[in-house]
Amino acid sequence: MKLTKSDVTLNERDTLQDLLDCEKQLMSLYTTALYEGSTKAMRKNFTTNLLSVAENQYSIFQQMSTRGYYEPKPANKNLIDEANANFKKQKPQLQAKG
């Protein structure tokens, strides 16, 4: 089967989604590199890069949102309250270990 350019070309939505996914992955990698960094200069460089990637990610998110490609659902208040209660229960245990 021979593929044509139209068979392998991403449409706008898929391209933006791919870019967003890549930026999220970069943020994860820079975060890991940041807390593994052994010198101030290295950590500063990772921080600068992380913030730059975060700006790119947000810009892509805005473009997707504007075009109706990415519509986050509002958070369920009950789930938020439940998570908050769970964290409050765990806080004393975490403080005792620290």
Side-chain angles (χ1 to χ4, degrees):
M1 174 178 175
K2 184 176 180 181
L3 295 175
T4 65
K5 184 177 179 181
S6 63
D7 292 329
V8 294
T9 301
L10 296 176
N11 61 33
E12 180 182 71
R13 182 181 186 151
D14 291 340
T15 300
L16 288 169
Q17 184 63 56
D18 188 53
L19 287 170
L20 184 65
D21 293 343
C22 288
E23 294 299 315
K24 287 179 178 182
Q25 183 64 34
L26 277 172
M27 288 178 69
S28 177
L29 293 170
Y30 276 124
T31 300
T32 299
L34 176 61
Y35 62 75
E36 294 291 335
S38 60
T39 67
K40 284 188 178 189
M42 183 185 300
R43 292 174 61 91
K44 183 177 180 181
N45 189 31
F46 289 147
T47 300
T48 301
N49 291 346
L50 175 62
L51 292 174
S52 177
V53 171
E55 287 297 319
N56 291 342
Q57 181 274 332
Y58 185 66
S59 177
I60 295 166
F61 162 78
Q62 286 181 310
Q63 290 298 317
M64 291 183 75
S65 183
T66 299
R67 290 169 167 79
Y69 299 152
Y70 198 110
E71 298 177 23
K73 296 177 184 173
N76 180 311
K77 182 166 178 12
N78 292 337
L79 292 176
I80 293 171
D81 292 343
E82 184 180 314
N84 193 21
N86 286 336
F87 286 121
K88 283 182 180 178
K89 287 179 192 175
Q90 294 175 5
K91 185 177 178 181
Q93 294 170 351
L94 294 172
Q95 289 174 330
K97 290 180 182 179

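Treat the numbers as computed from the prediction; the structure is a model and nothing was measured.
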| field | Residues L16, R67; criterion side chain to side chain contact (heavy atoms under 4.5 Å, CB included); working and verdict | value | CA-CA 10 Å; L16 288 169; R67 290 169 167 79; 3.9 Å; yes
| field | Pairwise distance CG(N45) to CG(L50) - rounded to 0.5 angstrom | value | 11.5 Å
| field | Check: S65 side chain, F61 main-chain N or O, donor-acceptor pair, under 3.5 Å | value | no
| With hydrophobic residues grouped by side-chain heavy-atom distances under 4.5 Å, do L34 and M42 end up in a single group? | yes
| About how many Å separate CD of E82 and NZ of K77, when rounded to the nearest 0.5 Å? | 12.5 Å
| task | Please round to the nearest 0.5 Å and tell me the distance separating atom CG of L51 and atom CG of N56. | result | 11.0 Å
| query | Under the salt bridge (charged side-chain N to carboxylate O under 4.0 Å, His left out) test, which residues partner R13, sequence neighbours left out? | reply | none
| said: Within the 3.5 Å criterion, strictly below it, is a donor on D21 or Q17 matched to an acceptor on the partner's side chain? | reply: yes
| query | Does the S52 side chain pair with the main chain of T48, one donor and one acceptor, at a distance under 3.5 Å? | reply | no
| query | Okay, side chain of T31, backbone of M27: is any donor-acceptor separation there less than 3.5 Å? | reply | yes
| message | Ring-plane angle category for Y30 and F46, please: parallel below 30°, perpendicular beyond 60°, tilted otherwise. | response | tilted
| query | Just how far is it from atom CD1 of I60 to atom CG of L19, taken to the nearest 0.5 Å? | reply | 4.5 Å
| query | To the nearest 0.5 Å, how far apart are CD in E23 and CD in Q25? | reply | 11.0 Å
| message | Treating T32 as the side-chain partner and S28 as the backbone partner, does any N or O pair qualify as donor plus acceptor under 3.5 Å? | response | yes
| message | On a heavy-atom basis, which atom in K88 and which in P92 lie closest, and how many Å separate them? | response | O-CD, 3.2 Å
| said: Is a donor from one side chain sitting under 3.5 angstrom from an acceptor on the other, for Q63 and Y69? | reply: no
